[in-house]
Amino acid sequence: MLAALAKIEPPGNDDVDALRKLLSDAFRSPDYRPPLLPDVALKIVRLASSPDTDTSQIVTLIERDPLIAARVIQVANSPLYGTRSLASILDATVRLGRRTIVQIVMEVALQSAVLSVTTYQASIQRVFDHSLVTAHLSKIVAKAAGVADESVYLSGLLHDIGIIGALTVLADSDDPPKLALDMWMAVDDLHTEAASIIVEHWKLPEELGAVIRHHHGVNPDPKFAPSSSVVCLAERLATDCGLGACAVHGVDTTATPILQRAKDTLGLNDKKWETLQSEAKMLVELFND
């Protein structure tokens with residue numbers, strides 16, 4: 001089935017429809033396998049999300065992965081978390097707390113998955129950079145709006161994992177097609193659904209999929225509407241600062257009425273939005289440095 005992707009010649013609406021169907025069939029196939037994340041990373045996320053887990057269990061898993069362990073130590077010793085230098089994973093884990101540990105683990109794991117795909121590397125790296133900034137901006141938007149959802153960072157980090165998943169599917173074909181506009185349109189049409197499928201495959205908390213699936217629209221579930229609005233606006237801030245996921249006009253964008261609906265949902269007036277825009281610019285400048 002994937003080999004057929006390479007036989008479709010751009011452009012044309014018929015091609016977009018065919019690409020959309022092929023990608024949709026791939027994601028819904030019982031044989032579909034999402035981008036590979038280190039098994040230890042997924043175990044850490046699941047354990048850290050359970051209040052019944054002992055910290056020593058999390059530490060044991062972190063110590064099994066040198067990249068994750070190194071990043072945990074690095075963040076724990078950053079000026080943001082204290083001045084006393086730590087060398088112990090246990091001490092670092094206690095200092096950072098479980099929520100931050102989950103964020104670090106998913107960042108490292110997702111970047112590992114991104115680097116493992118050589119085809120479309122530049123596009124996939126751009127999506128990762130966009131997602132990382134969106135994750136940090138999600139925390140800023142949530143704080144400004146008074147949204148007390150500890151999962152907004154992960155929702156922001158994974159909101160466009162469907163794009164990475166779709167590009168991975170295309171990269172696995174016998175002759176990966178060129179990323180022309182019609183290809184991006186097909187990916188764009190499916191990426192929110194694909195993201196929720198990938199989150200389910202990874203056995204991550206269901207609320208992540210519920211939030212991500214509607215980050216370009218209105219979430220029909222009032223329980224998740226604020227978090228979806230946070231990610232929606234955080235993504236727009238990242239894009240407006242030059243870190244959009246796709247350098248193709250009209251792809252991975254949110255309609256203006258939806259953006260306004262998100263602002264209204266969060267109670268963000270023009271003054272608050274301008275403040276968020278300024279904070280976003282500073283964050284992106286730090287990211288680019």
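A single hydrophobic cluster is seen to contain both V114 and L179, as judged by linkage of ILVMFWY side chains at heavy-atom distances under 4.5 Å, directly or through other members. F224 and L204 are assigned to two separate hydrophobic clusters, defined by single-linkage of ILVMFWY side chains at heavy-atom distances under 4.5 Å. No continuous path of ILVMFWY side-chain contacts below 4.5 Å connects V211 to L110, so the two sit in separate hydrophobic clusters. The hydrophobic cluster containing L67 also contains V105, counting ILVMFWY residues as joined when their side-chain heavy atoms lie under 4.5 angstrom apart, directly or transitively. V127 and L208 fall within a single hydrophobic cluster, where Ile, Leu, Val, Met, Phe, Trp and Tyr are joined by side-chain heavy atoms under 4.5 Å apart, directly or via other members.
Not a single donor-acceptor pair under 3.5 Å links the side chain of S196 to the backbone N or O of G209. Without hydrogens or angle criteria, T265 side chain to R261 main chain gives a donor-acceptor distance under 3.5 Å. In this structure, D91 contributes its side chain and L86 its backbone to no donor-acceptor pair below 3.5 Å. A distance-only check finds a donor-acceptor pair linking the side chain of Q121 to the backbone of V117 [under 3.5 Å]. S78 places a side-chain N or O within donor-acceptor distance of the main-chain N or O of V75, the cut-off being under 3.5 Å. Judged purely by atom type and a 3.5 angstrom limit, S228 has no side-chain atom pairing as donor or acceptor with the backbone of A225.
With values rounded to the nearest 0.5 angstrom, R95 atom CZ is found 11.5 Å from T93 atom OG1. To the nearest 0.5 Å, atoms CD1 (I124) and CD (Q111) are separated by 13.0 Å. Atom OG of S227 and atom CG of N219 lie 8.5 Å apart (nearest 0.5 Å). The OG1 atom of T239 sits 8.0 Å away from atom CG of L243, with the distance rounded to the nearest 0.5 Å. Distance check: L157 CG to L132 CG gives 6.5 Å after rounding to the nearest 0.5 Å. The structure places CZ of R98 at 9.5 Å from OG of S49, a figure rounded to the nearest 0.5 Å.
The shortest non-hydrogen separation linking C232 to T254 is SG-CG2, 3.8 Å. Taking each heavy atom of A48 and I58 in turn, the nearest pair found is CA-CD1, 3.8 Å. S123 approaches L167 most closely through the heavy-atom pair CB-CD1, 4.2 Å. The minimum heavy-atom distance between P222 and P220, with the atom names listed, is CD-O, 3.3 Å. Shortest non-hydrogen contact noted between C241 and V284 is CB-CG2, 3.6 Å. Contact record, L137 with A234: CD1-O, 3.6 Å, taken as the closest heavy-atom pair.
Between V94 and L90, some side-chain heavy-atom pair lies under the 4.5 Å cut-off. Taking the side chain as every heavy atom from C-beta outward, V251 and L181 approach each other to under 4.5 Å. Between I161 and W202, some side-chain heavy-atom pair lies under the 4.5 Å cut-off. Within the 4.5 Å cutoff, the side chain of Y32 has heavy atoms near those of the I198 side chain. Contact check for K263 versus L233: side-chain heavy atoms found under the 4.5 Å cut-off. Between H215 and E235, some side-chain heavy-atom pair lies under the 4.5 Å cut-off. V141 is listed as a side-chain neighbour of L266, based on a closest heavy-atom distance under 4.5 Å. Looking only at side-chain heavy atoms (C-beta outward), D252 and W184 stay at 4.5 Å or farther from each other.
Judged as a ring-ring contact (aromatic ring centres under 6.0 Å, His included), and not counting sequence neighbours, the contacts of H216 are H191. In terms of the ring-ring contact (aromatic ring centres under 6.0 Å, His included) criterion, residue partners of H130 (sequence neighbours excluded) are, by chain and number, H159.
Residue V218 shares its hydrophobic cluster (ILVMFWY side chains chained together at separations under 4.5 Å) with I258.
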For C246 and D188: C-alpha separation, side-chain torsions, deciding distance, then whether side-chain contact (heavy atoms from CB on, under 4.5 Å) applies.
CA-CA 10 Å; C246 308; D188 186 49; over 6 Å; no
side-chain contact (heavy atoms from CB on, under 4.5 Å), that's the test. Do V230 and D149 meet it? Break it down for me.
CA-CA 10 Å; V230 165; D149 182 354; over 6 Å; no
Taking it one step at a time, do V231 and I212 satisfy side-chain contact (heavy atoms from CB on, under 4.5 Å)?
CA-CA 8 Å; V231 176; I212 291 169; over 6 Å; no
Evaluation steps, side-chain contact (heavy atoms from CB on, under 4.5 Å), between R236 and Q277:
CA-CA 10 Å; R236 179 54 181 263; Q277 288 176 314; over 6 Å; no
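Sorted pairs that involve residues 268-279 and meet salt bridge (charged side-chain N to carboxylate O under 4.0 Å, His left out), not counting sequence neighbours, are lacking altogether. Residue pairs satisfying the side chain to side chain donor-acceptor pair (under 3.5 Å) criterion with at least one member in residues 57-73, sequence neighbours excluded, are listed as follows: R71-Q74.
With respect to the salt-bridge test (charged N to carboxylate O, under 4.0 angstrom), the residues D17 and R20 qualify.
Residues F287 and H136 place their aromatic rings such that the two centres sit no closer than 6.0 Å.
Few gaps surround CZ on R46; more than 12 heavy atoms of other groups in view lie less than 6.0 Å from it.
Side-chain atoms of S131 and D160 include no donor-acceptor pair closer than 3.5 Å.
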Exercise answer: donor-acceptor pairs, residues 33-42 side-chain atoms, under 3.5 Å, sequence neighbours excluded:
{"residue": "R33", "atom": "NH1", "partner": "P30", "partner atom": "O", "Å": "3.4"}
{"residue": "D39", "atom": "OD2", "partner": "K43", "partner atom": "NZ", "Å": "3.2"}

